[in-house]
Every structure is written in structure tokens, then in C-alpha cells.
Protein chains: 2
Amino acid sequence: MPHFSGMDDDRQDTQTRRPTLSQVARAAGVSEITASRALRRDGPVASDTRERVERAAIALNYVPNRLAGTLAGAASRQVGVILPSLSNIVFADVLKGLEDRLEGDGYHPILGISNYDPLREERLLRDLMSWRPAGLVIAPARKTDVTRGLLTAADLPVVEIMDVDAESADMAVGISHRGAGRAMAHYLAGRGYRRFAYLGHGIETDFRATQRLDGFRDGLSEVGVTLGDVLCLPGPSTVPLGREGLARLLAEAKTPPEAVFFSNDDMAVGGAFHCQAAGIAVPEDLALAGFNGLSIGQALPKPLTTIASQREHIGFVAATHLLDRLAGGNPPRVTNVDFRLIPGATA
Amino acid sequence: MPHFSGMDDDRQDTQTRRPTLSQVARAAGVSEITASRALRRDGPVASDTRERVERAAIALNYVPNRLAGTLAGAASRQVGVILPSLSNIVFADVLKGLEDRLEGDGYHPILGISNYDPLREERLLRDLMSWRPAGLVIAPARKTDVTRGLLTAADLPVVEIMDVDAESADMAVGISHRGAGRAMAHYLAGRGYRRFAYLGHGIETDFRATQRLDGFRDGLSEVGVTLGDVLCLPGPSTVPLGREGLARLLAEAKTPPEAVFFSNDDMAVGGAFHCQAAGIAVPEDLALAGFNGLSIGQALPKPLTTIASQREHIGFVAATHLLDRLAGGNPPRVTNVDFRLIPGATA
DNA sequence: GACCGTATTGACAGCGCTATCATAAGCTGT
DNA sequence: ACAGCTTATGATAGCGCTGTCAATACGGTC
């Protein structure tokens, strides 16, 4: 970096570099610190002085350098966000809720996608920490000790999102996936179904889906029913995977199920398409249930029986609690966002 | 911020603050600058010295402060990303491609969502610039003069993504939406259809959809056909909107269309659901065509006729060209990513 | 042995900003 | 008139790091 050492530092600055606070201050005829206070509206500054500074800033097209500001002691207004995926609309919704709330307070997310890879998650965590964010929002890929340790050592506000079943290092905002699975088991059993199957996607990567399956099993056993066939196909959940998966599940099932619980709506919509193509009457021949409450499921000729997971709301609440904490407040450590069972017409 | 002024600065640091490079250097018995070089693998450092520094860094759990590093002259490794929406899977896909490529080179996106609001876009642009990013990737909400001016004045690499029809300030990566509309017109006309309608969503916000419509019109007129009814419903595109919209379009149409071109696949899938529920045979009674090539459309009992838009690839290429430029390369100013017409079974 | 090139290390200054403390000016009450 | 306040402004000293230039040590050459 060129240093213009010794000479008048601002001689060429107007041409070469971005305008600095010092130039704004000089243009307004005040000291640097007064200009700083005026632009931040912090501390006592006479109103005509502030106006003069603001005019100078606009005239010079001044954009503050928050790297310098944060280094000098101002609170950072960046928030590290780590999500396991963006292929699934679920996390895009969460991110939308997050960004929306953060932006309202002048904060910005720095994003990292872990692809459900704990090693990548760990690297992301370190990388994002190097930007000294004000806080962290993370949807953990898995609960590993390393991640746990890093989060605890991070020494800044952390919100773990999506589920509230596991222990969290600091704050948590999400739903109980176990509870959601259980609720669906009770609902379906209450509708009279007794022979159940489960169709899921890459279980090794999505532990929240596993929790729903566990909860589903528990819920069934509470009413004296045992879960039948469980088929988990590798890879992320997609509509085509659900479609092919159901075909395979029905072909391989030892006892034909009356109802299938899918790992989520993408899979379930695929299942609905298979039934339609194969002439299987839903829900008379086979009942279908999903999870998430995606609009696509509700727009099907027969709206899907599912559970709405309030994803955007989870992001919004996570950001709200983080900002609250940063403002010195004391938000709840665990926020159990309600899920809502949507009866639909497929079960 | 407490300054420990006068006294030994590191006296309590191990307890209070994060470890700094200076502490790592002392622990390794070298100067600060040597530690810096060792950790960055920059400049000549003896291999045993480097190992000593690395061990010290690990022992202290050192995380570099990139705010300080960037301020001191190192190139920033943050990239500002501004997208108009995340409700639509399209932009989530783009973001995924971007993040994936950037992360590979140790860069991270700072995200802003404009909600198709030029004022918010402008504010985001200023806010993100204040973090002194290495570059910018933006899917402009609209092409306003203010945004144009800011981008030109930004004086850093900028990639405008999604479409290549309009002029760009620096680099552009995307597809020709006009061309895509035209291609669909020619394809449908080639299949023998002659009476066309268009069903779109909030046209005031999504100018790329408008460009597809324009191209569609042009393409039809090139084969001597005039586009019939055009219905644009307010709000973002969703499956339910497409379903309701098609019902309304057919009810209100002056002359019943043979084929409907939808603003995108979300809308078209909704249209397919309406046909199914209303007993309209597709494509015999009515042909349907969408845009984007979403997996949901391809999983329908009858795969949707549509155009694949390679969204993730656009993000990936945009990031690649940005990184190339940052590395001193000279990537193409305009990259026209191919789209691909998927024949499907609905038209 | 003086000389040179290379490898390795360090001293120093400064990036652009804000926290802290000090100062000056204006006002009140007695 | 002077203490005792509040309001407005500034001088100073860093934040933690990296670019620049200088210094040292080592091996070999003539």
C-alpha cells in the first residue's frame, strides 16, 4: 500500500482514494472527532455544526469505513449466519426472516453454507469469527463437540436455530421436531390409520428429519402402534425423489401401509404425484403426510396434510433476540416457536 | 472501550480480550511481522519458525482480526451481494452458486435483500460499501439511474447478474430473458398452437418477467401470430396464484386460448393443478409452458414444458469472474449463459 | 579477506476511525 | 463575582494488523 509518507497526506486523496472522515471534517471546518459525532448522531453537537458536516459528507460522497470504526471500538454491525443448505426453500425462508429483521437495524448477515459438513461448518465458524461479528446465528449441521466448543468459546451472542430439542450453548429459537413427529403420529392415529410407513431422504445429513422420525415412532407407540417400513433414500429431499421413493416403498413393503409419513413436503408432493400417476386414490387407498407447510403442498388438487414450520418467523425471532441481547436486553434462552398441524385432504 | 493505558497492555489480555497477533508473536519468540508472515504464508519465513508460530497460534486459539488486516492494507475477502428476493427459489439457487465458489477461495458474501425496492437497494449498496468489500454482485431490482451511478462510482469490480439484455456498468452474467421468451414463442408456434395467452405475476416488480413477455410477443409476431389475453396478478409468483390466476384467465378470456405462457414455473405448476381439478386435458384442451426448469415442474405427472435457467451456474460463474478480476485477470464483460428449452409434456 | 547475493528477521509508520479525558464557553443561583 | 453546572469542541492515543525499508546472518566467489 502506498503511504505518501512525509508529504501532505491528503494532497492527492481526492483523486486517488475514497474520501475519509478527516476530509469531511476539514471541509466542514471542524475536528475529526466532531465530524464523527455529527454523522453518528452521538454526543452533543450543535445542530448547525451537524448540518454543516452532513452537507460536507454528501458533497464529498463520503461513505464511512466501518472496518476502521469497528476496529476503533464501535460495535460491529455484521452478524455471522451459518446454514446447512440453500437448496431447500426452508433455509432460504429463514434467511429471509433474518435478513429482514437485521437490515431494519442496520445490521448485515455474512453468510456461510456448510452443506451439512461439520468440517466445513467449523472452518466457516472460524472464518466468520475473523470478521469480528456482533453475533452469530447458526443452524448446526450436527451437534459435534468441536462446534459446541467453538460456539462456547466464541464469547459473543449466539442463536442456534431450527430446533429446540438439543442443548444449546447460548440461545435457541426453533420448533421441537420430535414434538412435530409425535403430533403427526397422534393426528394420523386419531384418523383411524394403523399401518404406517416412513419415507425419508439422506438421513445422515439431516438430523432434524431424524428427530421427527423418532418423535413419530414415539407418538405411535404411545397409542400402541408400531411403525412399519422405513425407507430412507440418500441425497437431499426433492420432489422427484419422493415420487420415485414412494413407488419403491410400495413395491418393497412387507405389509402395504395405509398411511405414509414423509420427511418433508418436497418428498410428500412427489408421493402425491406418484399416486396420481399410478391411480392410487388419496387418502382412501393411501394417506400422505408431510412436514413444513410449503405453499406447493397446499396448492395441490388435494391440499397436503402437513405441519407448518414458520420458517421465516424463526429467522425473524432469532434476529430479534440477537439484537435485543446486543442492546443489553435479556431475551429468553430457549424460544419454542409453535408449529401448526394443517389437516389438509390427503390423510 | 477500556484502554489499559500506560500499564503493560497484555497484563490481563489473556483473560479479557481475544488473543492478538502480538501475543502469538511473543509466545513464539518472534516479532509481530514475522508471525504475520508465517500465518499468511507470505514472504520468506524459515520452516521451523513458521511451525513455532503456528503452534503458538493454535495454543492461544488465535483468530486473526480481518478488520485490522484489511484496514492495514490487505485485500478484503468480503463480497457484497444484493438480491431482490429470497422467497423465490431462483435467487436462493443463485446465492448457493455464489457462496460455494466464493467460500472455496476464502471469500464470504455479505447479503442484502432489496425486496424489489430501488430505495432499499440504494441503501443496501451504501451500507455494504461501508464494509469495503472486495467486489459486488448484484441482481438489480430495476435499472435506475441512481443505482447505475452508485455502481459506476463504486470503483470496484461489480457483476450484475441474471440478465444480459440491459447495459451493465462493469461485468454481467446471465441469460437473455427476451431471447428465452422468443424461443418459447417459436417452440409453441412450431407445435401448431395459434391462440396464446400469458399469465404473469406482479409485473411492476419483476422486470425480467416483463422482458420474457416482450420476447414472447416478438417471437409470436415473427411467425405472424398476435398474443391474446394477458393477465398479470399483483404480488410475487406462487403456485396458488398460478392456480387461481388460470381459473380467472380462462373465465375472462375473450377467445379461449390453446396455450398459456406463464411468467415462471411456480405459476405454471399452479396452472397445471387448476387444469387437473377442473378436468381440463393438458395439452389437448390447453397447453401450458413455464420458465425456470424447477424440479417440481419436472416431477409433475406430465413434466412441464419450460426453459431451464441454470441459476446456480449463473451464481458460480459470477463469482468466478469476480475472483478472476480480483486476481488480476481480465474476464469477459458480458457472459451470456445458455438457457435450454425443456420440451416436457404439457405443450 | 573483501565482496556479493540470498534467506531471514525486525523497526517503524500508518490504515480510518472512536473512546477517553481535557478544555472552553455559556448559563444559573447566591 | 464566583462556584457549579451543562453544552460544545478538541487533543491524544490507540484498535490489530500489514507495507515498506532496513538490518542481520550465512554461504560462496575471486
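Residue numbers start from 1 in every chain, and the chains themselves are labelled A, B, ... in the order their sequence lines are given, proteins ahead of strands. Hydrogens, waters and symmetry mates play no part in the numbers below; they use all other heavy atoms, side chains included.
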Asks: So if I take residues 44-57 of chain A and measure heavy-atom distances to DNA chain C, which residues fall below 4.0 Å?
Replies: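 Those residues: none at all.
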
Asks: Taking CZ from B/Arg77 and P from D/dT18, how many angstroms apart are they, rounded to a whole number?
Replies: 12 Å

Asks: Just to be sure I understand the geometry, which residues of residues 125-134 of chain B put a non-hydrogen atom under 4.0 Å away from DNA chain D?
Replies: none

Asks: Are A/Arg77 and A/Glu103 within salt-bridge range, i.e. N to O under 4.0 Å?
Replies: no

Asks: Quick one: bend of the helix from C/dG1-D/dC30 to C/dT30-D/dA1 from 5 pairs per end, to 10°?
Replies: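 The two end axes of the helix from C/dG1-D/dC30 to C/dT30-D/dA1 meet at 50°.
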
Asks: Quick one: is C/dG10 close enough that its OP1 or OP2 comes under 4.0 Å of any side-chain N or O from B/Thr34?
Replies: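 Indeed, a polar side-chain atom of B/Thr34 lies that close.
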
Asks: Answer yes or no: is there a side-chain heavy-atom contact under 4.5 Å between A/Met162 and A/Phe91?
Replies: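 SC-SC contact between A/Met162 and A/Phe91 confirmed.
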
Asks: Would you find a donor on one side and an acceptor on the other, under 3.5 Å apart, between the side chain of A/Glu312 and the backbone of A/Gly97?
Replies: no

Asks: Whole Å only: how far is the CG atom of A/Leu67 from the P atom of D/dT18?
Replies: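 Going from CG in A/Leu67 over to P in D/dT18 covers 13 Å.
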
Asks: Measure CG/B/Leu71 against P/D/dG19 and give the value in whole Å, please.
Replies: 12 Å

Asks: Does a nitrogen or oxygen in the side chain of B/Tyr62 sit under 4.0 Å from OP1 or OP2 of D/dG16?
Replies: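 Checking B/Tyr62 against D/dG16: no side-chain N or O falls below 4.0 Å of OP1 or OP2.
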
Asks: Which listed nucleotide (C/dG10, D/dT18, D/dC15) is nearest to the side chain of B/Ala74?
Replies: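 For B/Ala74, the side-chain atoms sit closest to D/dT18.
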
Asks: Strictly below 4.0 Å, N to O, side chains only: are A/Asp100 and A/Lys96 in salt-bridge contact?
Replies: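 The answer is no: the pair does not qualify as a salt bridge.
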
Asks: Determine, for B/Glu167 against B/Arg148, whether the closest basic-nitrogen to carboxylate-oxygen distance falls under 4.0 angstrom.
Replies: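 Salt bridge: no.
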
Asks: Looking at B/Arg40, does any N or O in its side chain come under 4.0 Å of the phosphate oxygens OP1/OP2 on D/dT18?
Replies: yes

Asks: Assess the residue pair A/Leu95 and B/Leu111 against the criterion (side-chain contact (heavy atoms from CB on, under 4.5 Å)); give the C-alpha distance rounded to whole Å, side-chain angles, the decisive distance to 0.1 Å, and a yes or no.
Replies: CA-CA 10 Å; A/Leu95 183 54; B/Leu111 184 64; 3.7 Å; yes

Asks: Do B/Glu160 and B/Arg333 meet the salt-bridge criterion of a basic N to acidic O distance under 4.0 Å?
Replies: no

Asks: Taking the nucleotide of DNA chain C with the nearest heavy atom to each, does B/Gly43 or A/Ala68 sit closer to the 5' end?
Replies: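 Nearest-nucleotide comparison on DNA chain C picks B/Gly43.
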
Asks: Salt bridge between B/Glu32 and B/Arg26, side-chain N to carboxylate O under 4.0 Å?
Replies: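 Not counted as a salt bridge, because no side-chain N and carboxylate O are separated by less than 4.0 Å.
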
Asks: Rounded off to whole Å, could you give me the CG-to-P distance for the A/Leu39 and C/dG16 pair?
Replies: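 Between P of C/dG16 and CG of A/Leu39: 16 Å.
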
Asks: Which of these, A/Ile161, A/Leu124, A/Thr147, A/Ile110, sits in a side-chain contact (heavy atoms from CB on, under 4.5 Å) with A/Ile82?
Replies: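 Answer to the side-chain contact (heavy atoms from CB on, under 4.5 Å) test with A/Ile82 among A/Ile161, A/Leu124, A/Thr147, A/Ile110: A/Leu124.
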
Asks: Tell me the interatomic distance from A/Asn65, atom CG, to C/dG14, atom P, rounded to whole angstroms.
Replies: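 My rounded result for the distance is 18 Å.
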
Asks: Any donor-acceptor pair under 3.5 Å joining the side chain of A/Arg37 to the base of D/dG10?
Replies: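 By the distance-only test, yes, there is a pair.
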
Asks: When you measure from the side-chain N and O atoms of A/Ser36 to the phosphate of C/dT18, is any distance below 4.0 Å, counting only OP1 and OP2?
Replies: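 Checking C/dT18 against A/Ser36, a side-chain N or O does come within under 4.0 Å of OP1 or OP2.
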
Asks: Report yes or no: do A/Arg126 and A/Ser130 form a side-chain donor-acceptor pair below 3.5 Å?
Replies: no

Asks: Taking the side chain of A/Ile33 as heavy atoms from C-beta outward, which of C/dG14, C/dC17, D/dG10 is closest to it?
Replies: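 Looking only at heavy atoms from C-beta outward on A/Ile33, the closest nucleotide is D/dG10.
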
Asks: B/Asp42 CG to D/dT18 P: how many Å, rounded?
Replies: 9 Å

Asks: For B/Glu32 and D/dC15, what is the distance between atoms CD and P respectively, to the nearest whole Å?
Replies: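 Atom-to-atom, B/Glu32 to D/dC15, this comes out as 10 Å.
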
Asks: Any salt bridge between B/Asp170 and B/Arg325, counting N to O under 4.0 Å?
Replies: yes

Asks: Quick check against the 3.5 Å criterion: does B/Thr34 have a side-chain atom that pairs as donor or acceptor with the backbone of B/Val30?
Replies: no

Asks: Between D/dG16 atom P and B/Leu21 atom CG, what is the distance in whole Å?
Replies: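 Going from CG in B/Leu21 over to P in D/dG16 covers 11 Å.
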
